[in-house]
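Remarks on the structure that follows.
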Amino acid sequence: MRRPVALRLHAAMATLALAAATGVVLSMPQASAATGGATGYATQNGGTTGGAGGQTVRATTGTAIHAALCSRASSSTPITIEVEGTINHANTAKVSGSSCNTAAGVIELKQISNVTLVGVGSGAVFDQLGIHIRESSNIIIQNVTVRNVKKSGSPISNGGDAIGMESDVRNVWVDHTTLEASGGESEGYDGLFDMKDNTQYVTLSYSVLRNSGRGGLVGSSETELSNSFITYHHNLYENIDSRAPLLRGGIAHMYDNHYLRINESGINSRAGARAKVDNNYFEDSKDVLGTFYTDAAGYWQVGGNIFDNVTWSARGSENNPAGPDPQSNTTVTIPYAFTLDSAACVPDIVGRTAGAGKGLLVSNGSCSPQTPNPTPTATSTSPTPAPTTPTPGPTAPGGTNLSIGAGADGSSKADGTSYGNVRDGDLGTYWSPAGPTGSVSVKWGSATTVSAITVREAAGSAGAIGAWRVLNGDTGAVLASGSGAGAIAVPRTALKKITFEIVGSTGTPRVAEFETYAG
């Protein structure tokens, strides 16, 4: 039996008319109302600033939120929407306009960018109404409560997710939110914080997720591996059955979270996913880390965590708990600055800072709540500096390029290109697939240990490579997934063949070099 869980605007006259009709209260243009700056992976890929620098408006209904989006000069005009009151089905209607794509019964942030949604005043509660982010980028959601969103029963919204992201989403920062349900799937609820279909560079911070069967997922299936670069820090997961979160492929960083009463399974790393799990406090819970319900292995790097009254199930063909003595089975390089609190104080500091209505307080790295700084301070673990251009992960590795002199093959290639051009050390030659997707491999006569690769695009085609996967050519296992060319860390693996598979592109992808390194 499942446990109970528990703008700059188009024209002044048109704007005023729309505001009067929908309840939008206009403010003078100002910087974003969100306090502090983004953290984690949301700082990468150009950063996440939301509506900073744009106009600020006040909304007290869901219709007013949609009207504010639809009144902008364009779908990318920056805007901060301050929300106060209860947003529900009765006050959330579809609004049309050239700068928006909305729907009734859900807050729809679709095909837009540069938006901040922040709770103010007496608070903002999205009651039985989810927030859907789709084909959008540079979004901030802060200081709001989203509760009891259902996928079955009545009323339904957002597929049952409190906050859901899908279809080419980039750079989202969700901060100081409270996401909660009143049961599991049998009661009509789904996930609290879901990401799928090529969602990347997301941070969830200082938030509460509770009383739900499912905390959230990254990737909707074992073959949907285009999602990556997610940070979870200073969050409370309380009374959650599973998916805290479920990871399928990609890289995630969990630090200084408090996991309390995880009933079935917690961080479920599957299908080649790699999780860096630092200084978390796991309490009164079961199977808080591992690969569960599948034989498609995932990986983890652990350090500084506390396991307080945590029980572990036995290993089986589709059950691989990390405990009772969790050890790292991969390494993950983090490209941004962060400051770790000691795990021992995590229940206290998370309790004082996480969730809506907490004054947007954060930790200063010494287990003491404070008003946030504009940017995070440097971490004591000295990570590599944030890259100045988007990359899939760490800075370029050093050492010998093992691809030089190796063999190569792949899928159908474009006329005039060669597989061997990716391992000849010459940036002037390249391989290109016959279409927008395809794969190229480097291979050796005997097992060779690889822990990092660098994919370099040919001159004139930078940015063409979109989503990709790195595969163990011997077994077909997914070693890494992400988006964009650059340096990529993979689990240290001895293999005879390694494959770089392009699963999405813009224009014609051209791989000048597929470099491999032992690390």
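For the single chain, residues carry numbers from 1 onward in sequence order.
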Checklist entry - Between the side chains of Ser483 and Trp468, does any donor sit under 3.5 Å from an acceptor? => result no
Checklist entry - Does any N or O in the side chain of Thr291 come within less than 3.5 Å of the main-chain N or O of Ser269, such that one atom is a donor and the other an acceptor? => result yes
Item to check | Exercise: do Asp278 and His253 side chains pair donor with acceptor under 3.5 Å | outcome: yes
Checklist entry - Is a side-chain donor-acceptor pair under 3.5 Å present for Asp341 with Ser363? => result yes
Checklist entry - Using 30° and 60° as the class limits, which term best fits the ring planes of Tyr255 and His233: parallel, tilted or perpendicular? => result parallel
Item to check | Nearest non-hydrogen partners of Ala181 and Ser212, listed with the distance | outcome: CB-CB, 3.9 Å
Checklist entry - Taking the side chain from Thr48 and the backbone from Thr43, do they hold a donor-acceptor pair closer than 3.5 Å? => result no
Item to check | Backbone N/O of Ile465 and side chain of Ser505: donor-acceptor pair under 3.5 Å | outcome: no
Item to check | Distance-only donor-acceptor check, side chains Asn45 and Asn171, under 3.5 Å | outcome: yes
Item to check | Test item: Thr199 side-chain N/O and Lys196 main-chain N/O as donor-acceptor pair under 3.5 Å | outcome: yes
Next on the checklist: Does Lys150 have more than 12 heavy atoms from other residues, nucleotides or ligands lying within 6.0 Å of its NZ?
Outcome noted: yes
Next on the checklist: Whether the His258 and Glu238 side chains hold a donor-acceptor pair (N or O, under 3.5 Å, no angle test) is what I'd like checked.
Outcome noted: no
Next on the checklist: Between Gln111 and Asn101, is there a side-chain donor-acceptor contact under 3.5 Å, judged purely by atom types and distance?
Outcome noted: yes
Next on the checklist: What verdict does the side chain to side chain contact (heavy atoms under 4.5 Å, CB included) test give for Val470 and Val478, after you've listed the backbone C-alpha separation in whole Å, the side-chain angles of each residue and the deciding distance to 0.1 Å?
Outcome noted: CA-CA 6 Å; Val470 177; Val478 178; over 6 Å; no
Next on the checklist: Checking Asn227 against Asn198: is there a side-chain donor and acceptor pair closer than 3.5 Å?
Outcome noted: no
Checklist entry - Between Phe229 and Tyr41, what is the ring plane arrangement, given parallel below 30°, perpendicular above 60°, and tilted in between? => result tilted
Item to check | Test item: side-chain donor near acceptor, Asn138 and Ser113, under 3.5 Å | outcome: no
Item to check | Whether Tyr232 and Phe193 hold their rings parallel, tilted or perpendicular, with breakpoints at 30° and 60° | outcome: perpendicular
Item to check | Ser76 versus Asn114, side-chain donor and acceptor atoms under 3.5 Å | outcome: no
Checklist entry - Can Gln370 and Ser368 be counted as having a side-chain donor-acceptor contact under 3.5 angstrom? => result no
Item to check | Heavy-atom closest pair, residues Val106 and Leu129 | outcome: N-CD1, 3.7 Å
Checklist entry - Just by distance, with hydrogens left out, do Asn211 and Asn239 show a side-chain donor and acceptor under 3.5 Å apart? => result yes
Checklist entry - Gln142 and His176: side-chain donor and acceptor closer than 3.5 Å? => result no
Item to check | Under 3.5 Å donor-acceptor, Thr102 side chain and His66 backbone | outcome: no
Item to check | Nearest atoms (heavy-atom pairs only) where Ala275 meets Leu247 | outcome: CB-CD1, 3.8 Å
Item to check | Considering all heavy atoms, the nearest Ile81-Ile65 contact | outcome: CD1-O, 3.9 Å
Checklist entry - After noting the C-alpha distance and the side-chain angles of Asp197 and Ser167, does the key distance pass the side chain to side chain donor-acceptor pair (under 3.5 Å) rule? => result CA-CA 5 Å; Asp197 193 15; Ser167 300; 2.9 Å; yes
Item to check | Verdict with supporting geometry, Asn305 and Asn280, side chain to side chain donor-acceptor pair (under 3.5 Å) | outcome: CA-CA 5 Å; Asn305 302 287; Asn280 301 281; 3.1 Å; yes
Item to check | CZ-CD distance between Arg270 and Glu318, expressed to the nearest 0.5 angstrom | outcome: 8.5 Å
Item to check | Nearest atoms (heavy-atom pairs only) where Ser207 meets Val174 | outcome: OG-O, 4.2 Å
Item to check | Polar contact flag, side-chain donor to acceptor under 3.5 angstrom, Asn148-Ser182 | outcome: yes
Next on the checklist: Quick one about Thr39 and Thr203 (side-chain donor to acceptor, distance below 3.5 Å, no hydrogens or angles considered), yes or no?
Outcome noted: no
Next on the checklist: Under a 3.5 Å threshold, yes or no: a donor from one side chain and an acceptor from the other, between Glu84 and Ser122?
Outcome noted: yes
Checklist entry - Are Thr178 and Glu180 close enough, and set up right, to give a side chain to side chain donor-acceptor pair (under 3.5 Å), and what steps lead you there? => result CA-CA 6 Å; Thr178 298; Glu180 55 192 5; over 6 Å; no
Next on the checklist: Show the nearest heavy-atom pair for residues Ser157 and Gly105, with the distance to one decimal.
Outcome noted: OG-O, 2.7 Å
Checklist entry - Would you say the side-chain atoms of Tyr281 and Asp308 include a donor-acceptor pair closer than 3.5 Å? => result yes
